[in-house]
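Below, chains carry the letters A, B, ... as their sequence lines are ordered, and counting in each starts from 1.
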Amino acid sequence: MRLAKTPERKVWAENYSDWFHKILSEVPVYDTRYPVKGTGIWTPFGFKLRKGVIEIIRDELEKANHEEVLFPLLIPDYMLGKEGDHIKKFDDEVYWVTHGGRDLLDVKLALRPTSETAIYPMFQLWVNAYSDLPIRIFQIVNIFRYETKATRPMIRVREVSTFKEAHTAHATREDAENQVQDGIAIYSRIFERLRIPFFKSIRPEWDKFPGAEYSVAFDTILPDGKVLQIGTVHFLGQGFAKAFDIKYMTANGGYEYVWQTCYGISERAIAALISTHGDDNGMNLPSNVAPVQAVIIPIVYKGKEEDVLKKCNEVKGILTSAGIRTAVDDRKEITPGNKYFAWELKGTPVRIELGPRDIEAATAVLVRRDLLQKTVVPISAIAEGTKKLLASVDEALGERSKKWMAERLTKVTSLDDLQKTLDSKGGIVEVPWCGGRGCGEEMEAKMNARILGTPYHDEMVVECSQSCVFCGKDATKAIRIARSY
RNA sequence: GGGGCCGUAGUCUAGCUUGGACCAGGAUGCAAGCCUGGGGCGCUUGUGAUCCCGGGUUCAAAUCCCGGCGGCCCCA
């Protein structure tokens with residue numbers, strides 16, 4: 001018997017792009033062979049994984065008093081164009097429906113690139129009085145953006161198939177800013193449940209959401225050291241409210257515009273989930289999103305098939321009643337070793353091997369996916385043993401990803417070190433910065449990197465004695481820079 | 001935004017430079033049978049390709065040219 005070793009992360013780290021494509025197609029999670037650029041197909045397995053992630057998102061939003069809705073895909077051009085900054089940004093990225101059958105449409109219809117301009121005209125109708133506020137809604141839909149850069153499965157697509165967008169309206173600035181805090185807290189909980197590590201940054205002025213006053217973004221780091229934005233929370237102020245005339249009547253009979261926020265998460269979160277926990281054997285899924293949490297592999301010898309399979313199904317019954325999503329891989333055509341590889345690729349957190357030797361001893365062999373370590377557990381304690389192991393795998397995945405990412409946040413104070421760090425280990429680099437837009441944009445160009453923004457709240461680290469890493473003026477804040485997707 | 005590489009069975013790939021001996025070769029997968037079975041066994045047989053699409057050049061195109069669609073990589 002060959003001993004299994006803890007999987008390496010060599011290909012994962014050094015050839016991440018290949019690794020990711022391979023996972024998507026071999027598991028399979030997401031089929032990219034559909035002949036329209038920037039689109040893809042969620043396979044049955046991928047769909048289950050996606051569903052698991054969506055359920056966590058939905059759960060956190062609903063617990064925080066958000067209600068789910070569904071708005072139309074089509075947005076008339078005059079609505080899309082109402083808020084000036086917003087349309088300026090999205091104008092180049094919109095798909096237009098121009099025909100109905102053979103007739104040219106009188107009003108062009110956009111495929112939503114995001115839904116502010118679809119939702120807010122309805123807010124205008126829904127909001128009359130103070131008592132109509134706050135509104136907290138969300139929807140999970142597809143959106144379309146005509147990306148001109150090279151597309152990349154799940155990470156840069158033209159049809160974002162899994163876009164959760166929340167939209168809120170409030171009576172006061174304070175309420176809305178509190179909602180921003182809530183949104184950030186909700187997202188933090190979502191990513192923590194997925195064990196995806198993140199840094200929060202306030203995006204620079206020139207990179208905030210078009211139409212927003214400010215944007216707070218969640219970024220993670222992929223195995224190749226490049227940064228991926230996985231969520232954003234925006235404070236919209238009253239810009240959209242004024243553009244869409246969303247007002248409520250105040251106590252003294254006057255009218256006041258509402259204050260708004262919106263926040264979004266896409267399937268990039270799923271790309272991050274797959275990438276963050278992966279290794280050279282495939283995925284590692286946290287148990288809460290793993291379509292199968294424990295797979296039982298029968299070790300079948302000739303003449304004993306019946307006994308072994310019977311036992312496997314019995315154990316499956318025990319685990320299922322204990323609330324563990326369990327499968328028995330009873331395929332006869334392939335050998336156990338083959339099955340191990342297949343289920344490891346899929347990221348199944350726990351494998352249970354059950355053969356004649358185990359049945360004899362009334363035990364089972366439990367193998368954790370992340371480390372491929374084996375433990376022998378009595379069948380009488382199989383449910384507790386599996387649960388404990390699942391928890392332990394979850395814990396370990398969280399610790400590993402958190403540690404990995406913490407190691408990729410570097411703080412330097414010179415331009416030279418900034419360049420070197422970006423070129424060698426990538427990740428996020430924090431430097432003192434003067435706060436000037438011109439300086440920032442020049443630095444982005446020179447470093448061939450993106451300014452992610454300033455650390456959000458608790459992560460603030462600026463020391464005022466330092467000078468701007470780029471222009472040398474007094475630094476007013478720390479800024480994060482990274483190569484990004 | 002700029003540049004490069006590429007598209008051949010489900011997947012990966014040989015062939016393309018120098019057009020013909022390629023009704024396209026291999027591996028893997030898939031199916032059946034045997035042998036096996038605690039980490040991708042082996043053997044036999046079978047299956048599977050509008051050579052991405054359209055046009056052009058030519059006696060002759062997977063191969064050369066043009067356009068389109070699609071994919072990957074690098075740089076700004």
Side-chain angles (χ1 to χ4, degrees), chain A residues 1-8 11 14-41 43 92-93 146-159 224-226 279-282 295-309 311-312 329-346 348 351-361 363-369 371-377 419 422-423 426 441-451 483-485:
Chain A
M1 176 166 66
R2 221 179 72 197
L3 284 176
K5 286 182 304 198
T6 299
E8 294 186 43
V11 179
E14 291 167 16
N15 228 329
Y16 165 66
S17 198
D18 286 349
W19 179 90
F20 187 62
H21 281 107
K22 200 185 118 178
I23 296 294
L24 294 187
S25 69
E26 283 190 11
V27 169
V29 177
Y30 186 81
D31 198 325
T32 57
R33 291 172 297 177
Y34 193 76
V36 177
K37 186 180 170 72
T39 63
I41 290 122
T43 63
D92 294 333
E93 300 188 3
Y146 180 71
E147 287 286 351
T148 51
K149 287 187 173 176
T151 57
R152 186 180 281 270
M154 230 185 268
I155 288 174
R156 175 167 276 117
V157 288
R158 286 183 169 180
E159 179 185 11
D224 57 1
K226 283 167 81 175
D279 62 37
D280 288 357
N281 285 29
V295 61
I296 303 171
I297 311 288
I299 309 299
V300 179
Y301 289 88
K302 225 183 180 90
K304 300 200 175 170
E305 296 96 336
E306 293 283 302
D307 290 352
V308 172
L309 276 178
K311 199 60 166 180
C312 288
D329 189 345
D330 57 3
R331 287 177 293 174
K332 292 181 178 59
E333 323 78 65
I334 60 172
T335 58
N338 224 315
K339 295 177 185 177
Y340 300 162
F341 274 83
W343 288 97
E344 281 163 22
L345 185 66
K346 283 184 199 296
T348 311
R351 175 176 86 226
I352 299 172
E353 301 173 10
L354 207 51
R357 292 207 301 257
D358 306 295
I359 294 176
E360 188 86 7
T363 57
V365 178
L366 267 55
V367 186
R368 55 186 296 165
R369 164 63 183 86
L371 305 174
L372 294 186
Q373 283 169 353
K374 301 190 176 192
T375 44
V376 177
V377 174
Q419 177 90 66
L422 287 172
D423 289 343
E441 288 185 318
E442 234 182 283
M443 178 155 58
E444 284 187 316
K446 182 117 189 265
M447 294 290 111
N448 182 25
R450 177 176 169 200
I451 290 185
R483 306 254 155 85
S484 74
Y485 276 98

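Residue A:Arg483 is classed as having no contact, given no heavy-atom separation below 4.0 Å to the nucleic acid. Within 4.0 Å of A:Glu444, counting heavy atoms only, lies no atom of the nucleic acid at all. The residue A:Thr32 sits apart from the nucleic acid: no heavy atom pair falls under 4.0 Å. The residue A:Pro298 sits apart from the nucleic acid: no heavy atom pair falls under 4.0 Å.
The residues A:Glu353 and A:Lys374 are annotated as salt-bridged, a charged nitrogen and a carboxylate oxygen being separated by less than 4.0 angstrom. Under a 4.0 Å N-O distance rule, the pair A:Asp423/A:Arg483 qualifies as a salt bridge. Between A:Arg351 and A:Glu344, at least one side-chain nitrogen of the basic residue sits less than 4.0 Å from a carboxylate oxygen of the acidic one, meeting the salt-bridge criterion.
Taking atom C1' on both B:C75 and B:G67, the two are 27 Å apart, rounded to the nearest angstrom. The same atom, C1', is picked in B:G29 and in B:C69; the two are 28 Å apart, to the nearest Å.
Nucleotide B:G70 holds its C1' atom 13 Å from the CD1 atom of A:Ile41, rounded to whole Å. B:G71 atom C1' lies 15 Å from atom CZ of A:Phe20, rounded to whole Å.
The side chain of A:Lys37 contributes no N or O atom lying less than 4.0 Å from OP1 or OP2 of B:C69. Taking 4.0 angstrom as the limit, A:Ser17 places none of its side-chain polar atoms (N or O) nearer than this to OP1 or OP2 of B:C72. Regarding contacts with the backbone of B:G71, every side-chain N or O of A:Arg152 stays at 4.0 angstrom or more from both OP1 and OP2. Close to B:C41, at under 4.0 Å from its OP1 or OP2, lies a side-chain N or O of A:Asn338.
Residue A:Glu344 places a side-chain atom within donor-acceptor reach of the base of B:G39, judged by atom type and a 3.5 Å distance cut-off alone.
Closest contact between the side chain of A:Ile299 and the listed nucleotides B:C41, B:G39, B:G37 involves B:G37. Checked against B:G10, B:A76, B:G38, the side chain of A:Arg33 finds its nearest nucleotide in B:G10. Comparing B:G38, B:C73, B:G39 by their nearest atom to the side chain of A:Asn281 picks out B:G39.
Around OH of A:Tyr146, the count of heavy atoms belonging to other residues, nucleotides or ligands within 6.0 Å does not exceed 12.
Qualifying side chain to side chain donor-acceptor pair (under 3.5 Å) partners for A:Arg369, counting only residues two or more places apart in sequence or in other chains: A:Asp279.
Nucleotides of RNA chain B nearest to A:Lys22 and A:Arg158 differ in position, and the one nearer the 5' end is that of A:Lys22. Between A:Val36 and A:Thr148, the residue anchored closer to the 5' end of RNA chain B is A:Thr148, taking for each the nucleotide with the nearest heavy atom.
A distance-only check finds no donor-acceptor pair linking the side chain of A:Thr39 to the backbone of A:Glu159 [under 3.5 Å].
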*Structure string for RNA chain B in dot-bracket form, Watson-Crick and G-U at under 3.5 Å, | interchain*: (((((((..((((......[....))))((((((.......))))))....(((((..]....)))))))))))).

